[in-house]
Amino acid sequence: MPSFETVRVAAVQATPVILDADATAEKVVRLLGEAAGEGVRLAVLPETFVPLYPSNVWGRAAAAFSGFDELWERLWEQSVDVPGPFTELLTAVCAEHAIVCAIGVNERESSRPGTLYNTLVVVGPDGLLHRHRKLMPTMQERLFHGIGPGDDLAPVDTPVGRVGGLICWENRMPLARWAVYQGGPQIWVAPTADDSDGWLA
């Protein structure tokens, strides 16, 4: 008969250092160390934690398309390549603390500049385990993020079990959930920046 290990999971509620990827990375290192010190084996951080979630306030201002060139440029500069230095840093921290991290990032492709993606990465002691780009950016996110390809929905084997999940309101997409369910996730992660009553329900 199979046995199921109990795994302590932390839903880390934190704010990034706005538009500062390096300082946010330092904060992630600290948060993961603190979580591991409490016996956490999987830590889940919010949607687009690095370097910020472009909320409605940012979206309304950016939709005017005047005076926001500096924001677009800074958001690009402070976003991360996956894989890249940020995921390498996470790997080292996960190895040091024997922890797995699921975290949302603004992902860029430096070799193909242009589009940013709202991306969920899963990193463990042995490196980058999974990258999922949000299928359809929600509302104002479409001003900032491209559409994900949909070929990255399968759960991934990690040291704490099979981890699967979706980003924020993707969790309301029945066929996206079905695609993840097909892989038999044991732990579901749902990083979000939303704290509205609808999301909490």
Side-chain angles (χ1 to χ4, degrees), residues 9-32 34-35 40 42-64 68 70-82 84 86-87 89-90 100-108 115-123 130-150 152-153 163-173 176-177 180 185 187-201:
V9 179
V12 179
Q13 304 295 309
T15 303
V17 180
I18 303 297
L19 289 172
D20 189 332
D22 290 340
T24 300
E26 290 176 17
K27 186 170 187 175
V28 170
V29 168
R30 179 177 54 80
L31 292 169
L32 291 177
E34 290 172 2
V40 170
L42 169 62
V44 184
L45 284 93
E47 177 180 16
T48 62
F49 192 69
V50 182
L52 90 149
Y53 176 75
S55 67
N56 283 328
V57 172
W58 294 81
R60 279 191 212 100
F68 259 71
E70 185 179 342
L71 170 67
W72 301 117
E73 291 168 10
R74 190 160 175 204
L75 183 56
W76 171 267
E77 290 166 359
Q78 297 301 311
S79 293
V80 299
D81 289 288
V82 178
F86 179 71
T87 57
L89 173 66
L90 284 184
V100 175
C101 175
I103 184 172
V105 299
N106 286 280
E107 180 195 359
R108 68 180 182 210
T115 303
L116 291 176
Y117 297 94
N118 181 337
T119 301
L120 165 63
V121 294
V122 179
V123 179
H130 187 64
R131 170 181 65 194
H132 163 60
R133 292 175 172 171
K134 192 170 188 177
L135 295 168
M136 176 57 68
T138 306
M139 295 175 43
Q140 82 286 346
E141 294 170 8
R142 294 176 190 165
L143 292 169
F144 302 94
H145 299 129
I147 296 170
D152 53 9
L153 297 174
V163 174
L166 296 166
I167 303 166
C168 197
W169 286 85
E170 282 185 317
N171 286 279
R172 295 180 60 100
M173 298 177 177
R177 288 198 321 267
V180 179
I187 301 173
W188 190 280
V189 297
T192 183
D194 191 347
D195 64 355
S196 67
D197 291 341
W199 171 259
L200 295 175

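Of all heavy-atom pairs between Gln78 and Leu19, the closest is CG-O, 3.1 Å. Smallest separation of non-hydrogen atoms from Phe49 and Ala14: CE1-O, 3.4 Å. The two residues Trp76 and Leu116 come nearest to each other via the heavy atoms CE3-CD2, 3.4 Å.
Side-chain atoms of Asn171 come within 3.5 Å of backbone N or O of Cys168 as a donor-acceptor pair. The main-chain N or O of Val50 is found under 3.5 Å from a side-chain atom of Asn106 such that the two form a donor-acceptor pair. Although no hydrogens or angles enter the test, the distance criterion places a donor-acceptor pair under 3.5 Å between the side chain of His130 and the main chain of Asp152. Not a single donor-acceptor pair under 3.5 Å links the side chain of Arg131 to the backbone N or O of Leu120.
Annotation: the span from Lys27 atom NZ to Leu32 atom CG amounts to 12.5 Å, rounded to 0.5 Å. Remark: Ile18 CD1 to Thr24 OG1 distance equals 7.5 Å, nearest 0.5 Å. Note: His145 NE2 to Thr115 OG1 = 10.5 Å, rounded to the nearest 0.5 Å. Put simply, CZ on Phe86 and OG on Ser79 are 11.5 Å apart, with the number rounded to the nearest 0.5 Å. Taking CG of Leu52 as the reference point, atom CD of Glu47 lies at 11.0 Å (rounded to 0.5 Å). Atom OG1 of Thr119 is separated from atom CD1 of Ile103 by 11.5 Å, given to the nearest 0.5 angstrom.
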With side chain to side chain contact (heavy atoms under 4.5 Å, CB included) as the test, would you mind laying out the steps for Val40 and Val9 before giving the verdict? CA-CA 6 Å; Val40 170; Val9 179; 5.9 Å; no
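Residues forming a side-chain hydrogen bond (donor to acceptor under 3.5 Å, both in side chains) with Thr138 (at least two apart in sequence, or on another chain): Lys134. In this structure, the side-chain hydrogen bond (donor to acceptor under 3.5 Å, both in side chains) partners of Glu170, at least two apart in sequence or on a different chain, are His132. By the side-chain hydrogen bond (donor to acceptor under 3.5 Å, both in side chains) test, Asp22 pairs with no residue at all, sequence neighbours left out. Annotation: salt bridge (charged side-chain N to carboxylate O under 4.0 Å, His left out) contacts of Glu34 (sequence neighbours excluded): Arg30. The side-chain hydrogen bond (donor to acceptor under 3.5 Å, both in side chains) test applied to Arg133 returns Glu107, Glu109, not counting sequence neighbours. Partners of Asp81 by salt bridge (charged side-chain N to carboxylate O under 4.0 Å, His left out), not counting sequence neighbours, listed by chain and number: Arg108.
The side-chain heavy atoms of Trp188 and Leu166, taken from C-beta on, include a pair separated by under 4.5 Å. A 4.5 Å side-chain heavy-atom check between Leu89 and Val29 finds at least one atom pair inside the cut-off. Taking 4.5 Å as the limit, every side-chain heavy atom of Val121 sits out of range of all side-chain heavy atoms of Val80. Contact annotation: the side chain of Val44 never approaches that of Val12 to less than 4.5 Å [non-hydrogen atoms, C-beta and beyond]. Proximity of Pro54 to Thr48: side-chain heavy atoms (C-beta onward) are separated by under 4.5 Å at one or more points. Pro185 has its side chain within reach of Val180: a pair of non-hydrogen atoms, C-beta onward, lies under 4.5 Å apart. A 4.5 Å side-chain heavy-atom check between Thr192 and Pro46 finds every atom pair outside the cut-off. Pro51 is listed as a side-chain neighbour of Leu75, based on a closest heavy-atom distance under 4.5 Å.
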